[in-house]
Amino acid sequence: MNFIEKINKLISAETINKLSSVTGESIVATEKGIKTAISMILASLTYKSNKELDLITKQAKTTFNGAEQDQNFAVILKSIFGDQLEEILFTAATYAGIKQKSMHLISNNAAVCVFEGMKELTGFELEAVESLLIKNKAEILNLVP
């Protein structure tokens, strides 16, 4: 199973229904939002330097061992997108047809899926993460709307 397939399996109908219910967005828009967020997260990760990727994977590894995952994934998203986070979330929300506030929650869940898949396939070992991103770069970039 490749990386993208692994992540897509982590996006269950139950997850989408729950997010839809919490945000008040339609199921279709919620699914579009989470897939958009995943593609943007992955695409951004493919362009990170070794040092940046090391920092982000260490943050993710620590987050999976902690209790405050939602808050910590927001920090990881900030590490991934930097000062452009709000602009990126606005663009993704507009594309998906949802409120920007909803996109924040959906993006946190998208990050969980991305990093859960990464954890399962690489154990957050930096060389394995880099290899995974390089191997899947073309497919990742084709996902970006």
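This structure is a prediction, so every number in the text was calculated from the model and none was measured.
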Taking salt bridge (Lys or Arg N to Asp or Glu O under 4.0 Å) as the cut-off, I'd like each qualifying pair that reaches into residues 112-122, sequence neighbours left out, listed once. K6-E120
If a pair satisfies salt bridge (Lys or Arg N to Asp or Glu O under 4.0 Å) and one of its residues is in residues 75-96, list it, with sequence neighbours excluded. K78-D83
When you group the ILVMFWY residues by side-chain heavy-atom contacts below 4.5 Å and let the links chain together, are L10 and L105 in the same group? no
Tell me the side-chain hydrogen bond (donor to acceptor under 3.5 Å, both in side chains) pairs involving residues 21-31, sequence neighbours left out? E25-K99, E25-S102, E31-K35
Quick check for you: to the nearest 0.5 Å, what is the distance between K135 atom NZ and L121 atom CG? 9.0 Å
Between S107 and H104, is there a donor-acceptor pair closer than 3.5 Å when you use the side chain of the first and the backbone of the second? no
Hey, any chance L53 and L132 share a hydrophobic cluster, counting ILVMFWY side chains that come within less than 4.5 Å of each other, even indirectly? yes
Side chains of L133 and Y47, heavy atoms from C-beta outward: is any pair under 4.5 Å? no
To the nearest 0.5 Å, tell me how far T91 OG1 sits from Q100 CD. 8.5 Å
Tell me every residue that passes side chain to side chain donor-acceptor pair (under 3.5 Å) with E125, counting only those two or more places apart in sequence or in another chain. none
S131: what forms a side chain to side chain donor-acceptor pair (under 3.5 Å) with it, not counting sequence neighbours? none
Would a hydrophobic clustering, with Ile, Leu, Val, Met, Phe, Trp and Tyr connected at side-chain separations under 4.5 Å, put L126 with I56? yes
Is Y95 reachable from F90 through a run of I, L, V, M, F, W or Y residues, each pair having side-chain heavy atoms under 4.5 Å apart? no
Separation between CD1 (I38) and CD1 (I140), nearest 0.5 Å, reads 11.5 Å
According to side chain to side chain contact (heavy atoms under 4.5 Å, CB included), who are the partners of A111, at least two apart in sequence or on a separate chain? I41, F73, L77, F115
For S39 and P145 the tightest heavy-atom approach is OG-CD, 3.5 Å
Would you indicate whether the side-chain heavy atoms of I7 and L42 approach each other to under 4.5 Å? yes
In chain order, what residues pass the side chain to side chain donor-acceptor pair (under 3.5 Å) check against D54, with sequence neighbours excluded? K58
Might you point out which heavy atoms bring A92 and M40 nearest each other, and give the distance in Å? CB-SD, 3.7 Å
Sorted by chain and residue number, the side chain to side chain donor-acceptor pair (under 3.5 Å) partners of K101 (sequence neighbours excluded) come out as none
Which distance, rounded to the nearest 0.5 Å, do you find between the CG of L55 and the CG of N50? 11.5 Å
Would you call I34 and N109 a side-chain contact if the rule is heavy atoms closer than 4.5 Å? yes
Could you walk me through whether M118 and F3 pass side chain to side chain contact (heavy atoms under 4.5 Å, CB included), step by step? CA-CA 8 Å; M118 190 179 288; F3 187 36; 4.1 Å; yes
Can you measure from CD (Q59) to CZ (F124) and round to the nearest 0.5 angstrom? 11.0 Å
Taking only residues two or more places apart in sequence, or in another chain, which ones meet T15 in a side chain to side chain contact (heavy atoms under 4.5 Å, CB included)? S12, L19
Nearest heavy-atom pair of V114 and L45: which atoms, and what distance? CG1-CD1, 4.2 Å
side-chain hydrogen bond (donor to acceptor under 3.5 Å, both in side chains) contacts touching residues 136-145 (sequence neighbours left out): N2-E139
Looking at residues at least two apart in the chain, or sitting in another chain, which of them share a side chain to side chain contact (heavy atoms under 4.5 Å, CB included) with S44? K48, I80, F81
Ignoring hydrogens and angles, state whether a donor on the side chain of S49 or E52 is under 3.5 Å from an acceptor on the partner side chain. yes
At their closest point, which heavy atom of G33 faces which heavy atom of I106, and how far apart are they? C-CG2, 3.6 Å
Shared hydrophobic cluster for V22 and V112 (ILVMFWY, side-chain gaps under 4.5 Å): yes
